[in-house]
Amino acid sequence: MSKNTDELFKNVIAHAKEYGFVFPSSEIYDGLSAVYDYGQFGSELKNNLKTYWWKAMVQMHENIVGIDSAIFMHPKIWKASGHVDGFSDPMIDNKDSNKRYRADQLLEDKIARYDKDGKTDKAEALQIAMDEALKNEDLPRLRELIIEHEIADPVSGTRNWTDVRQFNLMFSTQMGAIADDADLIYLRPETAQGIFVNYLNVQKSGRMKIPFGIAQIGKAFRNEVIARQFIIRMREFEQMEMQFFVRPGTEMEWYKQWKETRLQWHLALGTDEAKYRFHDHVKLAHYANAAVDIEYDFPFGFKEVEGIHSRTDFDLSQHQKFSGKKMQYFDPELDADGKPYGNYIPYVIETSIGLDRMFLLTMINAFDEEDLSTDEKQDSRTVLRLHPCLAPVKAAIFPLIKKDGLPEKAREIMDKLKLDFNLQYEEKDAIGKRYRRQDAIGTPFCITVDHQTLEDNTVTIRHRDTMQQERVAADDLDKIIGKLVSWKNLLS
Ligand code: GAP
């Protein structure tokens, strides 16, 4: 990380805490590693991101519906899905610090460092060698690469490494009063399996015809060994996943289509296209025949935000095998020979985005420290240039002063608007300070009630990004705010 990007990242983390977006979990007990809480504005921003995703995926698609499945599921599900045997990371320990690291993560950091130092040849060669080793699950080779590239433990500074071993990422707990192996259940490491095991329930009850999708937003849990980069790698996090069920043989068309559709969802927020890139997987997960990541250029380098996976019929076939229940769909449509396609297990394209990573991306992208200095004085402001649809607070209402009936009038205006928009009322401090506080949480509009309001029922509206003010009729505020924060600006 260069000094500037390092500083930007540190500033965003500090800002997130200072302004009520993200707090370390259990902070008064010195925190819980890789677990975070969302504060009063963070939870609003997170909800708005969920709404944006849900509207785009469910509301805008007649053939996609949403569900909310339980976190606890039958333990056999994780045997069937391959997570019990295969959901693990290659770990390596440093013998001097006794710290444990993901071997691939150490190598990725080295690749990023080579890239930053302009050693692109070395970066590329290491990337290829690492991908090859991961693909072949060649753990000794991963260790060799760590040694060859002289990677030292950031804590002890030594290169005294153990062998590389696999470590399962699922959390487990007991269900029921008696702790017994038979009652061992897992906290889901992905929301997708809740969709797979419900696919026929939804298909039948909703009379869904292929192709169709099932979407879900929910918590997932992974015992990540390395807590890193703030909310990028958490032990408890949230996913927004959609499984799209298609006729076998058509999956690659849908895979391409969802890849594009999902990138457009990101770009509609106004993010610079150059900040995004696709990264095709070389090492495919046990369930996939094609997979790509949508990566974002975070201050610490490109990182996966979303995955699009062609999961074949792996999961449904496995559930059929392990549950003994038929997972087939009857397709009445006629093929080229005029015969019904009949019974088959659908293929699945999955789109899976990490809500917390999307949240961080949004904060970083919006964070701006603007220099407002003039010849006369030095000045600056911190402003979150969030899309108005995502802003936690849509408008703040200020009486110019705390007397002369202005607070009462401001509250009267607020009462008319608060059902439709999340608003804040503020009367403390000078107007300038109040503007700055709202800029810092990304509020797109500040409405000031002054003495003229009492005469002609007009107010000033100040726009966050331009800082321009205009005088408008108080009765028009619902239309003005409504138009600027309408989801139509993002989805149509
Ligand atoms: N169902 C497929 C699946 O879970 P994944 O690539 O393992 O695929 C999907 O996860 C997304 O979930 C990732 O792109 C990432 O944004 C997010 N994610 C995964 N692990 C995470 C973690 N430990 N903390 C925060 N987000 C995570």
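Counting convention: from 1, in listed order, for ligands and their atoms alike.
Aromatic rings from Tyr199 and His319 are positioned such that their centres are separated by 6.0 Å or more. Aromatic ring centres of Phe298 and Tyr296 lie closer together than 6.0 Å.
The shortest distance between side-chain heavy atoms of Leu384 and Asp439 does not fall below 4.5 Å.
Taking every non-hydrogen atom of Met234 and a distance limit under 4.0 Å, the qualifying atoms of ligand 1 come out as 22 (C), 23 (N), 24 (N), 25 (C). Ligand-side atoms of ligand 1 in range of Glu190: 1 (N), 2 (C), 3 (C), 4 (O), range being under 4.0 angstrom from any heavy atom. Shown in contact with Glu241 at under 4.0 Å from a heavy atom are these atoms of ligand 1, numbered in order with element: 1 (N), 2 (C), 3 (C), 4 (O). Residue contact check: Glu350 has heavy atoms under 4.0 Å from atoms 1 (N), 2 (C) of ligand 1. Heavy-atom contacts of Glu306 reach the following atoms of ligand 1: 14 (O) (cutoff under 4.0 Å).
For atom 9 (C) of ligand 1, the closest non-hydrogen atom of the protein is Ser352 OG, 3.0 Å. In this structure, atom 13 (C) of ligand 1 lies nearest to the protein heavy atom Glu304 OE2, 3.3 Å. Nearest protein heavy-atom contact of atom 25 (C) of ligand 1 is Ile232 O, 3.1 Å. Remark: minimum distance from atom 12 (O) of ligand 1 to any protein heavy atom is reached at Gln239 NE2, 3.4 Å.
In this comparison of Arg233, Glu238, Arg222, the heavy atom closest to atom 4 (O) of ligand 1 sits on Arg222.
For the residue pair Ser310 / Glu251, no side-chain donor-acceptor distance below 3.5 Å is found, with atom types taken as modelled. Tyr38 and Asp356 are linked by a side-chain donor-acceptor pair at a separation below 3.5 angstrom, with hydrogens and angles left out of the test. Side chains of Arg235 and Ser33: a donor-acceptor N/O pair is present below 3.5 angstrom, by distance only.
Checked against a 3.5 angstrom limit, the closest N/O atoms of Phe237 and ligand 1 fall outside it. No N or O atom of Asp356 sits closer than 3.5 Å to an N or O atom of ligand 1. Inclusion of Gly354 in the set of residues having an N or O under 3.5 Å from an N or O of ligand 1 is warranted.
Taking every heavy atom of both residues into account, Tyr186 and Phe72 meet most closely at O-CD2, 4.1 Å.
For Asp131 and Lys135, the salt-bridge test fails: no basic side-chain N is under 4.0 Å from an acidic carboxylate O. For Glu238 and Lys46, the salt-bridge test passes: some basic side-chain N is under 4.0 Å from an acidic carboxylate O. Checked for salt-bridge contact, Glu27 and Lys17 meet the test: a charged N lies under 4.0 Å from a carboxylate O. Using a 4.0 Å cut-off between a side-chain N of Lys or Arg and a carboxylate O of Asp or Glu, Asp153 and Lys99 do not qualify as a salt bridge.
Within the structure, ligand 1 has His309 among the residues with a heavy atom less than 4.0 angstrom away. Contact annotation: Glu295 has no heavy atom less than 4.0 Å from any atom of ligand 1. Within the structure, ligand 1 lacks Asp293 among the residues with a heavy atom less than 4.0 angstrom away. Ligand 1 is approached by Val305 to a heavy-atom distance shorter than 4.0 Å.
Of the heavy atoms in Arg311, only side-chain atoms (C-beta onward) come closer than 4.0 Å to ligand 1.
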